[in-house]
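Keep in mind that this is a model prediction, so the values were computed, not measured. Only this structure's heavy atoms are used, side chains among them; waters, hydrogens and symmetry mates stay out.
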Amino acid sequence: MKRLIANSETKDKLGARTKVAVAGAAALSVALLSGMGSAGAADIKIGVLYPISGGGAIYGGPAMRGHDLAVEEINATGGVLGSKFVTVARDSKINPAAAAAAAKELITKEGVNVILGGLASSVGLAISEVARREEVIYIATIPKTIKLTTSKLHPYVFRTASNTDFEGDAMAQIVKKVNGKKLCDIQLDYAYGHDLGDGIAKALPKHAPGANIVMKLRPKLGATDFNAYITQIMGAGCETVVSGLWGNHFVNFAKQAAPFGFFKDHVYITGGEIASHEVASKLAGDYPDNVWSNTYELWYHSPTGAHKKFQARLAKKAGTNATAMWPVLAYNGVMLYKAAVEKAGSTDAAKVIKAMEGLTIDTPMGSLTVDAKSHQTNTGQFWGPMKKQSGEAYRRMEPVTFVPPPSK
Amino acid sequence: MQTGYKTTFWISCAIVLLLLLVPTLGSKYLIDLTTEILIYALFALSLNVLIGYSGNISFGHAAYFAIGGYSCAILLTTYELPLIISMPAAIILSGLAAAFVGYFCVKLTDIYFAMLTLAFGMLVWAVAFKWRAVTGGDDGFVGVNVPAFIDNRYGFFYFTLFVVTVSAALLWLICHSAFGRTLVAVRENRVRAGFVGVNTTRLRHTAFVVAGTFAGIAGSLFAMYNRGVYVESAFWTESGQVLIMALLGGLYSFFGPALGAAVLYTLQVGINQYTEYWPVVLGIILLIILMFLPDGIIGLAQKLRSQFSRKA
């Protein structure tokens, strides 16, 4: 071959290209073969799906920290039924098709005993469908769409997150508290936004029968320009706004609405965990007045001694005292599975399902009970107004009120 | 039958026979992976009719994949129609949609054609996203009913293998017919082909419909395999992915795109197990193709073979 290559410049180029291509393929093969995880035969494998790349990584990253904390704690105390928990994590990417493929791979190749995680509602539903088909338990730790535990419920799906009906009910209670009459409803145009809008509409007659939604707006998921919506709300004459704009959607909305004096004229009641450290730290001094919102956890508010200890461990792991909210959700999911396996005395899915139905566990946020029929835990949230603190730009919830899920 | 065709036929038969043995290996994962690869291989083969044979680059091919998927899912689940009606109806709908879109697209050429396919593709995505009552919107259409005989891993694998084999055979016949040959002539020199009496616009339109129809078959299989269809299936990134599959395998070879689909999908699944940086790897793969493998893996194999045969 060497002689042939030397004979012609064209062939020389061809040979060089070929070599590079073959070298590239070899490098990829090596990359594929390297880094293979290992787990002992007796280990209990936990499949985890959070978005750890792209736009969802700001939520998935902290969630993984909470998950790892739980697994470390369990293994440090000898594991469960004499077996260690081993995490097999995959990137769900906020893409249901990718998450479904990854869930299938976790089950059929890695042989995981359970799947935890999900973030977007669509991803939660996709993973749940795989769990149903493969007959493996899925614990949804973050997705909130009500369908997961109602119209799409099956024996293998459980949820430790709150849901859009719980969130809507709490928001209706706050509407009553602030004596809201004319409401504008602004939600993102996707599963979570639609379901939260429905949840609020369902709860208003119960808690605030005098309140009416006079305008519904649905900006698209990922929207960054809210000026058209802001002026529409200001022209509609509503004194209260109910919303579910989360994360950067709210950050952009708040920054664009503030110059109009929007937050002086409106009480803004919002789901989407806008009271979380993630949003409060991002907006800091730009966080507007008159905002009532929710969060699962607050690093500066410990309702239980267990939370204090949990937060201290988390702060050590994260390297900061002001910790994110998402870890506790992932942490609770692992702890629920651990308790169910211990109660069942086995990792057999049918036995664990039976053990999980009606099970109560202690978490950093208090006790959680799994409803035997709906497979939904009674996860409440902290709600309250976000107040300025003297000497710091960072707003804190004050007073902090725990709103439990509505009674049936 | 020409000698080259005979060889292709026997190699294809051998591959199908080997694939038939996959379930006997006892790995559920391997069965799933092979099923997914078969679906994407058909998707990539369908695109190659448009790109490899007629020389029209489409950035909206995922639209027909999604239309096939959504139609099949909705007919099977919402209307509870049997598979024998749902799947053919979904394929016909994909073909009709391609006929409609293609009518406008083939009036343009080159980058304008590509941009119009992208625009129509995103239109389909927007409809799937907004028509929540029918498609499930962002939730996706989850929980597709499938008949009992394919409601298990093994049944679905053999069903997919059968459908993909028949579809690939049909595509091969189409591409190697007088129609396919004329398409290549149009690809090589549209003006000259027009001068010798070929109705290039009609020919390109037919290629568009053929490509859309077979993408619809792949989409139907995808919906049934996943028991769900999602809006992401219609997004432009999906069109981009299948384009890279075709490029990787080799555009000017019939089976190249299928090989590209197998390699790219296996790499994607494999790499995702070890790192979240798949997009970086995808970028590197694309760079390697464009810089060093313009004719894809098949082109590389042909070059290597030619080098070795010269040496011998």
Cation over ring, A:K220 on B:F129, under 6.0 Å and within 45°?
no
Can you name the closest pair of heavy atoms from B:N226 and A:E129 and give their distance?
O-CG, 4.1 Å
Quick check for you: among A:E134, A:R218, A:K152, which has the greatest number of heavy-atom pairs under 4.5 Å with chain B?
A:E134
Looking only at heavy atoms, the pair that brings B:R132 and A:A191 closest together is NH2-CA, 3.5 Å
For B:F235, which atoms come within 4.5 Å of any heavy atom of chain A: side chain, backbone, both, or neither?
neither
With a 4.5 Å limit on heavy-atom distance, are the side chains of A:H194 and B:D139 in contact?
no
Closest non-hydrogen atom pair, B:Y225 against A:R133:
O-NH1, 2.8 Å
Contacting moiety of B:Y265, where chain A heavy atoms sit under 4.5 Å:
side chain
Are A:K147 and B:D138 ion-paired here, with the side-chain N under 4.0 Å from a carboxylate O?
no
Nearest heavy-atom contact between A:L125 and B:V142 is O-CG1, 3.9 Å
Calculate, to the nearest 0.5 Å, the distance between atoms NZ and CZ belonging to A:K104 and B:R153 respectively.
8.0 Å
